[in-house]
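As structure tokens, the structure follows; a few thoughts come after it.
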Amino acid sequence: MRCAPQLLSILLALGASTCLTSAARAQGSSVTTRSGGHSTVKDHVRRGQRARAAGQWTEAYAAYKAAFEAADAASSTERERAELAGELGLCELALGKYRDAAEHLAWSLEQREALPAALQKRFEEGQRKATPHVAKLRVSVDPPDAEVFVDGKAVGRIARVYTLFVEPGLHTVRARAPGGEDAFHSVRAVAKAEHEISLHVSRASVSSAKEGAPVSPSETPRAPRSPAAAQARPPSPWASWPGTARIGGIAVTTATAAAGAVFLLRAHVAHGDLREGNLARRAQGWTSHTCREASAPAACADVHDQVNERDLFATLGKVSLVTSAVFGVATAASFFTEMAVFGAGPRSTGIRAVPMATSEQAGVLLEGAW
């Protein structure tokens with residue numbers, strides 16, 4: 001029993017030393033992993049540089065692709081990732097992978113502020129060579145959290161506006177958002193062209209969700225109210241056949257009055273032409289009996305035609321105005337008859353048409369509130 005305290009202290013000391021050793025090993029292993037990952041990217045880059053210098057573009061492409069995939073935000077800088085994307089794009093350009101080359105070079109040039117001037121020039125030159133072989137898609141998405149797919153392949157990032165490169169041909173762009181219906185758009189891409197695409201993913205409305213929700217047993221379902229039953233109004237006098245006849249009467253009154261006005265106007269013009277012609281002929285020595293003589297001039301036939309035309313249009317105008325007055329009086333009488341027989345009062349928002357005619361003018365006077 002006297003040795004128990006010494007034994008306990010020895011065990012505690014051994015446990016503490018074991019924990020410290022394990023923590024130090026874990027920390028050392030994490031540092032080794034980070035440094036090892038960074039050295040792996042550098043190894044891929046050196047391998048890609050050697051292959052590119054030897055003209056072995058397939059090996060250079062594989063090395064730069066591995067380096068680009070191994071580089072992340074934790075182990076590399078923005079400049080390093082932009083350089084890797086640009087070098088990978090140049091390798092893809094040499095291998096004829098124009099779409100991938102345009103995409104990686106465009107992504108690299110988005111961080112052009114972090115690139116040296118010499119690299120910017122190289123990558124811009126490569127972008128100019130790749131662009132004629134591909135088509136550019138500018139896809140705007142609403143809502144911005146929707147996931148975008150091109151030919152069934154996810155783009156892999158979330159944005160409101162995407163700049164994508166595709167091979168010439170028919171492509172399908174799809175946007176998908178949680179709780180909404182997918183939006184589709186098909187486009188026939190043309191090389192060296194830029195296509196604008198707008199996708200809107202409709203969300204499920206709250207009202208439709210409430211309509212689809214089950215009814216509580218404690219609630220009694222209510223029958224929908226019919227608009228006709230909710231707002232019952234007395235039948236309008238224009239809804240029955242007398243109303244239809246009145247509308248037809250007003251239409252005929254207006255049409256005949258307008259026609260009469262046109263005919264009278266034409267007769268007035270013909271009369272003016274005759275008066276001017278008479279003044280000219282009297283200046284030439286004609287009298288009122290010239291056209292009645294046996295040796296009447298040939299121009300008298302034209303004068304007779306003008307007189308007949310004037311009289312015809314004057315007659316048609318007068319007949320049209322009389323017809324308009326008859327239909328107008330009949331239409332107005334129908335209102336008074338209905339009030340006298342059925343006791344119906346005039347509508348507050350009605351229209352009254354009254355034909356009017358004088359020796360010089362003709363028309364229809366409309367009165368009422370609307």
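Here the CZ-CZ distance, from R52 to R47, works out to 13.5 Å after rounding to the nearest 0.5 Å. Between T131 atom OG1 and K192 atom NZ the span is 11.0 Å, to the nearest 0.5 Å. A distance of 10.5 Å separates NZ in K97 from CD in E167, rounded to the nearest 0.5 Å. Here I197 contributes atom CD1 and S186 contributes atom OG; the two are 9.0 Å apart, rounded to the nearest 0.5 Å. One finds the CD atom of Q111 at 9.0 Å from the CG atom of L109 (value rounded to the nearest 0.5 Å). Note: R79 CZ to E83 CD = 5.0 Å, rounded to the nearest 0.5 Å.
Looking at S108, its side chain does come within 3.5 Å of a backbone N or O of A82 through a donor-acceptor pair. Side-chain N or O atoms of H195 include one that pairs as donor or acceptor with a backbone N or O of V190 at under 3.5 Å. Side-chain atoms of T315 come within 3.5 Å of backbone atoms of D311 as a donor-acceptor pair (strictly under, hydrogens ignored). Judged by distance alone, with hydrogens and angles left aside, the side-chain atoms of E125 form no donor-acceptor pair with the main-chain N or O of R122 at under 3.5 Å. D151 places a side-chain N or O within 3.5 Å of a backbone atom of T172 that can act as its donor or acceptor partner.
When the options Q127, E92, R99 are evaluated for a side-chain hydrogen bond (donor to acceptor under 3.5 Å, both in side chains) with H104, the one that passes is E92.
Residues D182 and R176 are not paired through a salt bridge, judged by the lack of any N-O separation under 4.0 Å between the basic side chain and the carboxylate. Taking 4.0 Å as the cut-off between side-chain N and carboxylate O, E59 and R50 do not count as a salt-bridged pair.
Cluster membership for V269 and L264, using ILVMFWY side-chain heavy atoms within less than 4.5 angstrom, is not shared. Tracing side-chain contacts under 4.5 Å through hydrophobic residues (I, L, V, M, F, W, Y), one never reaches L265 starting from V262; they form parts of separate clusters. By the rule that hydrophobic residues join a cluster once side-chain heavy atoms approach within less than 4.5 Å of another member, V187 and V148 end up as members of one cluster.
Nearest heavy atom pair, residue V166 against residue A189, reads CG2-CB, 3.8 Å. Contact between W107 and A85 at its shortest, heavy atoms only, is CE3-CB, 3.3 Å. Across T163 and R138, no two heavy atoms sit closer than the pair OG1-NH1, 3.4 Å. Across every non-hydrogen atom of A175 and A146, the tightest pair is CB-CB, 4.5 Å. In terms of heavy-atom proximity, A101 sits nearest to L93 at CB-N, 3.6 Å. What you find for L115 and Q120 is that their closest heavy atoms are O-NE2, 3.0 Å.
Using a 4.5 Å heavy-atom cutoff, the side chains of L164 and V155 are in contact. V139 has its side chain out of reach of V161: every pair of non-hydrogen atoms, C-beta onward, lies at least 4.5 Å apart. Between V45 and D43, every side-chain heavy-atom pair lies at or beyond the 4.5 Å cut-off. Annotation: side chain of V41 is in contact with side chain of L84 (closest heavy-atom distance under 4.5 Å). In this structure the side chain of V173 reaches within 4.5 angstrom of the side chain of L199, judged on heavy atoms. Counting heavy atoms from C-beta outward, H304 and V307 have side chains that stay 4.5 Å or more apart.
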(message) Assess the residue pair V252 and T254 against the criterion (side chain to side chain contact (heavy atoms under 4.5 Å, CB included)); give the C-alpha distance rounded to whole Å, side-chain angles, the decisive distance to 0.1 Å, and a yes or no.
(response) CA-CA 5 Å; V252 174; T254 305; over 6 Å; no
(message) Using side chain to side chain contact (heavy atoms under 4.5 Å, CB included), reason through E87 and L90 one step at a time and then give a plain yes or no.
(response) CA-CA 5 Å; E87 296 293 348; L90 293 179; 4.1 Å; yes
(request) Please lay out, stage by stage, how Y162 and V141 fare under the test side chain to side chain contact (heavy atoms under 4.5 Å, CB included). (result) CA-CA 8 Å; Y162 297 83; V141 184; 3.7 Å; yes
(request) Give the C-alpha distance, both sets of side-chain angles, the deciding distance and a yes or no for side chain to side chain contact (heavy atoms under 4.5 Å, CB included) between Y64 and E69. (result) CA-CA 9 Å; Y64 277 113; E69 293 175 351; over 6 Å; no
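When the side-chain hydrogen bond (donor to acceptor under 3.5 Å, both in side chains) test is applied to T58, no partner is found at least two apart in sequence or on another chain.
Ring-plane geometry between Y98 and H133 is classed as parallel, the angle between the planes falling under 30 degrees on a 0 to 90 degree scale with a further cut at 60.
Taking the six-membered ring for Trp, F68 and H44 have ring centres at least 6.0 Å apart.
Around atom CZ of F165, more than 12 heavy atoms belonging to other residues, nucleotides or ligands sit under 6.0 Å away.
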